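Here's the structure, in structure tokens; my notes come after.
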Number of protein chains: 2
Amino acid sequence: MAILGFLRDFPLHGYDLKNRVASLAGHVRPVADGTLYPTIKKLEDAQCLTRRTAPGSVAAPRHMLEITQTGTDQLRRWLRDPEPGFITDDNKWYVLLAFLHHLENPREQALVLARRREFLDQPAQLFFDADGTPVPPERLDSPFRKGLMQIHRSTNLTEIDWLDRQIADLNQRAGYAVRQRDGD
Amino acid sequence: MAILGFLRDFPLHGYDLKNRVASLAGHVRPVADGTLYPTIKKLEDAQCLTRRTAPGSVAAPRHMLEITQTGTDQLRRWLRDPEPGFITDDNKWYVLLAFLHHLENPREQALVLARRREFLDQPAQLFFDADGTPVPPERLDSPFRKGLMQIHRSTNLTEIDWLDRQIADLNQRAGYAVRQRDGD
DNA sequence: TAGATATACATCGACGTCGAGGTTAAAAAA
DNA sequence: TTTTTTAACCTCGACGTCGATGTATATCTA
């Protein structure tokens, strides 16, 4: 998703892509060559991108990568109907968010945000007693577990706040677009 | 780490462990059987835990798992000197935090928190222009990328705040412990 | 002019995770 | 009584990621 998402902005070669993916995914978590290049090849085989050899501006020749219509469609499908992990795993979610603008319909964007919003709504129960009853933060012995739950709660509220504002905004724009189209 | 960490609290059987790990790791991200049971076997082979068959309280017989001294030592090594990913990957970091209390020395605990603190200090540059210059949040077109960076910044500040208080607290306690030991 | 460095691409084996499938056993529902 | 459900455990193949290794090229440095 990150590869196609970045290529949707402008053509890039593998090396450049590698650095961009690395600084996005998490925050400068390196992506191994052994992951990137086979994935590029897979996307090329699936006709999601094309490759043009260009002289290297600094060193060895580059393979400039460009996204195709097939690739754009694939990217939009991934964004419109993301796998569960992209909603529940923070790292993946942030990657998705970084490219959600490529899904051009505000209503569809709002639907994706709503899925995340719904996920964040369910109260997190992280720790349990020996007998299986959930332990509330104030009854935890470990200050680290206490902090973990505090931070978790606080960051969740921050994101929920943003999500609500964003969803309202998108729905309003979608409504406006509909009224425009209907000549209202 | 999660397996040994939970067993350090009290003995558990695989199924119970599975649910606890699932609700901790991320937030109810299921852990596949094909991941859990081979890992338990690996830890058993490494003498990190022992297995006693007990009658199932509800159904099929359980394998009650208990951590050994070797396992405790291993857990403490992982906590004391975590791999880079445990500092930089939020999911892994939260798992580590959930068990950091098993590292009994407050000075060692503070050192781990300091590593995370140091990581959070470096300003995140997530997006770049076509020519490679970093794009500040206010110049981003996508509201999602803008929100992503806002949320990232805000949650970072929250955690930094907690880390600083916690580190100060631990160092004070460590100092006090030293003064106690020295009869001061 | 020789070596080091950074760019740029590629492959391969080791390892971890997942998901599907299967087994046993007790309790609950049909 | 049979079926279904849930608990509890296990294995296997597919797949993805990593890290090591290797190659070529242009620039910078000794």
Side-chain angles (χ1 to χ4, degrees), chain A residues 1-4 6-7 11-22 24-26 28-46 49-65 78 83-86 88-89 91-92 95 128 131-132, chain B residues 1-4 6-7 11-22 24-26 28-46 49-65 78 83-86 88-89 91-92 95 128 131-132:
Chain A
M1 183 191 287
I3 292 174
L4 292 185
F6 276 124
L7 290 182
L12 292 164
H13 57 275
Y15 193 79
D16 197 348
L17 208 39
K18 181 181 151 184
N19 294 325
R20 286 170 196 266
V21 174
L24 170 65
V28 199
R29 163 172 59 256
V31 175
D33 284 6
T35 304
L36 184 69
Y37 289 108
T39 308
I40 288 174
K41 183 164 279 179
K42 249 184 65 182
L43 287 170
E44 194 190 6
D45 291 346
L49 55 83
T50 56
R51 193 189 291 241
R52 275 185 312 108
T53 302
S57 69
V58 198
R62 304 160 160 178
H63 291 181
M64 292 303 287
L65 307 172
W78 281 336
E83 286 168 28
F86 276 91
T88 59
D89 185 312
N91 293 335
K92 291 188 178 184
V95 171
F128 301 85
D131 60 8
Chain B
M1 182 191 286
I3 292 173
L4 292 184
F6 276 123
L7 289 181
L12 292 164
H13 57 276
Y15 193 80
D16 197 348
L17 208 39
K18 180 181 149 183
N19 294 325
R20 285 170 196 267
V21 173
L24 170 65
V28 199
R29 165 176 50 255
V31 176
D33 284 6
T35 304
L36 184 68
Y37 290 107
T39 308
I40 289 174
K41 185 164 278 178
K42 251 184 64 182
L43 288 170
E44 194 190 7
D45 291 346
L49 55 83
T50 56
R51 192 189 291 242
R52 273 184 314 107
T53 301
S57 71
V58 198
R62 304 162 160 177
H63 290 182
M64 291 303 288
L65 307 172
W78 282 336
E83 286 167 29
F86 277 91
T88 60
D89 185 312
N91 293 335
K92 290 188 177 184
V95 171
F128 300 85
D131 60 8

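Chain identifiers are assigned alphabetically (A, B, ...) following the order of the sequence lines, protein sequences preceding nucleic acid strands; residue numbering begins at 1 within each chain. Just so it is clear, the model here is predicted, and its values are computed rather than measured.
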May I ask you to say what K18(A) touches in the nucleic acid, namely base, sugar-phosphate or nothing, with a heavy-atom cut-off under 4.0 Å?
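It contacts nothing in the nucleic acid.
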Once you apply a heavy-atom cut-off of 4.0 Å, does G14(B) come out as touching a base, just sugar-phosphate, or nothing?
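Answer is sugar-phosphate: G14(B) comes under 4.0 Å of backbone atoms only.
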Quick one: bend of the helix from dT1(C)-dA30(D) to dA29(C)-dT2(D) from 5 pairs per end, to 10°?
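End axes: 10° apart.
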Please identify each residue that fulfils salt bridge (Lys or Arg N to Asp or Glu O under 4.0 Å) with [X], with sequence neighbours left out.
| X | result |
| --- | --- |
| R20(B) | D16(B) |
| K18(A) | D33(A) |
| E83(A) | none |

Output side-chain donor-acceptor pairs under 3.5 Å for residues 35-43 of chain B, partner residues at least two apart or in another chain, one line each.
unit_1, atom_1, unit_2, atom_2, d
T39(B), OG1, T35(B), O, 2.5

Gap separating the CG atom of L7(B) from the CE atom of M64(B), nearest 0.5 angstrom
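Reported to 0.5 Å precision, the distance equals 9.0 Å.
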Span of DNA chain D, from the first to the last nucleotide whose atoms fall under 4.0 Å of chain B heavy atoms
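For DNA chain D, the relevant span reads dA7(D) to dC12(D).
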Measuring from the side chain of K41(A) (C-beta onward, heavy atoms only), which nucleotide among dC9(C), dT11(C), dT24(C) has the closest atom?
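For the K41(A) side chain, the nearest candidate turns out to be dT11(C).
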When you measure from the side-chain N and O atoms of H13(A) to the phosphate of dT7(C), is any distance below 4.0 Å, counting only OP1 and OP2?
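For H13(A), the contact criterion (side-chain N or O under 4.0 Å from OP1 or OP2 of dT7(C)) is not met.
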Contact under 4.0 Å: R51(A) side-chain N or O vs dA10(C) OP1/OP2
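Checking dA10(C) against R51(A), a side-chain N or O does come within under 4.0 Å of OP1 or OP2.
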With DNA chain C as reference, determine whether G34(A) or A32(B) sits nearer its 5' end, using the nearest nucleotide of each.
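The residue closer to the strand's 5' end, by nearest nucleotide, is G34(A).
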